[in-house]
Amino acid sequence: MAFHHCHKDPMPQSGLSPERVQARRQLYAACAVCFIFMAGEVVGYTFPLAGGYLAHSLAIMTDAAHLLADIGSMMASLFSLWLSTRPATRTMTFGWHRSETLGALASVVSLWIVTGILLYLAFLRLLHSDYHIEAGAMLLTASIAVCANLLMAFVLHQTGAPHSHGSTGAEYAPLEEGHGYPMSLGNTSVRAAFVHVLGDLLQSLGVLAASILIYFKPQYKVADPISTFLFSICALGSTAPTLRDVLLVLMEGAPRSVEFEPVRDTLLSVPGVRATHDLHLWALTLTYHVASAHLAIDSTADPEAVLAEASSRLYSRFGFSSCTLQVEQYQPEMAQCLRCQEPSQA
């Protein structure tokens, strides 16, 4: 049998995987775009241009602050990508893969902090109307911000890996034999940055709408803090999917693309396997899936053959990155053992 023991790859790969190299390029490009347009918004807010002061708009500064948060979170993501290339150690036996997830969490938290401050400032402007907005400059800057966010969204958009073999729901699709890669949901940090940018794009569109209104109806300048208030809340809501994925990884949850029952049934279908227990599925990252289980086999079964066949099926059908299986002889009392029972649905 070509499949040997628990190792699906003869030699471990060093450095960044192709998926992470692509993620790094996307983040570098998005950082450059973000920095250029953030600097333009801050300068436009601060300095005179064309004979008059540019827009002293809280909504524009909200955009600039979110772009600054974008830069910080992307830099944290780039650092986490570099950190993830470090080899495993005796204290970090899985390596540093999960630093990618921590980078995504930092992106979400930074957005919350910045949005909280801006919501407070917007609330103050709703209470006090002693401010002036230059609608023309606000309209120009908001238009540029929309273009910047569209460009960053294009750069960070992930169409998915060419191997999309994972499963959704109760069904699962086999991988091609010889490939042991999990379903690619895209790099976690890039996904977090993309969702972050989508939230900023939504807010930029709102700021653009507010600037058009103020340009033609200056008496409605209250649209500036209102747009900040409304679209900041929308930006917070846009972090929900990323936060869900981050919590799934940090709480050792099962991968969203793999369900318990299909994995259990696959193991039970291996000739010689009578029962399974202590089956655990978890996502080290969104694309690094791990499984472990005890296999209770007949006394006449060949343990080595069972181990090789069971591991091969898990790798080929579900794309686990790592599988640890323990083979033991089946005992009738296992059916009544509380520790050998399957976990509940919830």
Side-chain angles (χ1 to χ4, degrees), residues 1-24 80-104 158 160-168 172-191 245-260 262-264 266-267 270 276 278-295 307-326:
M1 184 176 294
F3 190 88
H4 176 66
H5 190 43
C6 61
H7 308 295
K8 64 190 176 91
D9 294 317
M11 291 292 292
Q13 296 180 350
S14 59
L16 289 173
S17 65
E19 177 260 338
R20 292 189 174 189
V21 170
Q22 176 64 20
R24 184 173 61 181
S80 70
L81 283 174
W82 169 81
L83 190 63
S84 68
T85 63
R86 296 186 59 185
T89 66
R90 295 184 181 181
T91 55
M92 302 291 290
T93 55
F94 271 116
W96 301 79
H97 298 285
R98 196 164 279 181
S99 61
E100 171 192 325
T101 304
L102 296 178
Q158 299 182 108
H163 300 287
S164 183
H165 310 296
S167 58
T168 56
Y172 63 88
L175 297 170
E176 294 88 354
E177 291 298 327
H179 296 280
Y181 301 98
M183 181 182 77
S184 178
L185 298 176
N187 181 272
T188 313
S189 297
V190 175
R191 290 181 67 235
D245 290 337
V246 167
L247 292 179
L248 175 73
V249 171
L250 296 182
M251 293 298 294
E252 305 285 357
R256 291 193 289 115
S257 59
V258 181
E259 291 199 357
F260 185 90
V263 176
R264 177 202 60 199
T266 297
L267 292 174
V270 175
T276 66
D278 287 330
L279 174 59
H280 298 285
L281 313 172
W282 70 97
L284 192 66
T285 70
L286 288 183
T287 56
Y288 193 106
H289 301 166
V290 185
S292 67
H294 289 197
L295 306 180
L307 176 62
E309 179 64 19
S311 299
S312 179
R313 293 189 183 190
L314 290 184
Y315 283 130
S316 63
R317 295 189 182 184
F318 302 100
F320 286 108
S321 299
S322 177
C323 295
T324 304
L325 302 177
Q326 177 178 320

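Hydrogens, waters and symmetry mates play no part in the numbers below; they use all other heavy atoms, side chains included.
Here the side chain of Arg98 pairs a donor or acceptor atom with the backbone of Leu284 at under 3.5 angstrom. Panel note: side chain Thr93, backbone Arg90; no donor-acceptor pair is recorded below 3.5 Å.
Of all the heavy atoms in Ala293 and Leu267, the pair that sits closest is CB-CD1, 4.0 Å. Nearest heavy-atom pair across His280 and Asp278 is CD2-O, 3.2 Å.
Residues Leu295 and Leu307 form no side-chain contact, since every pair of their non-hydrogen atoms from C-beta on lies 4.5 Å or further apart. Pro262 has its side chain within reach of Phe318: a pair of non-hydrogen atoms, C-beta onward, lies under 4.5 Å apart. Using a 4.5 Å cut-off on side-chain heavy atoms (C-beta onward), Tyr288 and Ser322 make contact. The closest side-chain heavy-atom distance from Leu325 to Ser292 is not below 4.5 Å. The side-chain heavy atoms of Leu279 and Leu281, taken from C-beta on, include a pair separated by under 4.5 Å.
Leu102 CG to Trp96 CH2: the interatomic distance, rounded to the nearest 0.5 Å, is 10.5 Å.
Across Glu252, His289, Met251, a single residue satisfies side-chain contact (heavy atoms from CB on, under 4.5 Å) together with Trp282, and that is Glu252.
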Quiz item: Are Asp245 and Arg256 close enough, and set up right, to give a side-chain contact (heavy atoms from CB on, under 4.5 Å), and what steps lead you there?
Solution: CA-CA 9 Å; Asp245 290 337; Arg256 291 193 289 115; 3.1 Å; yes
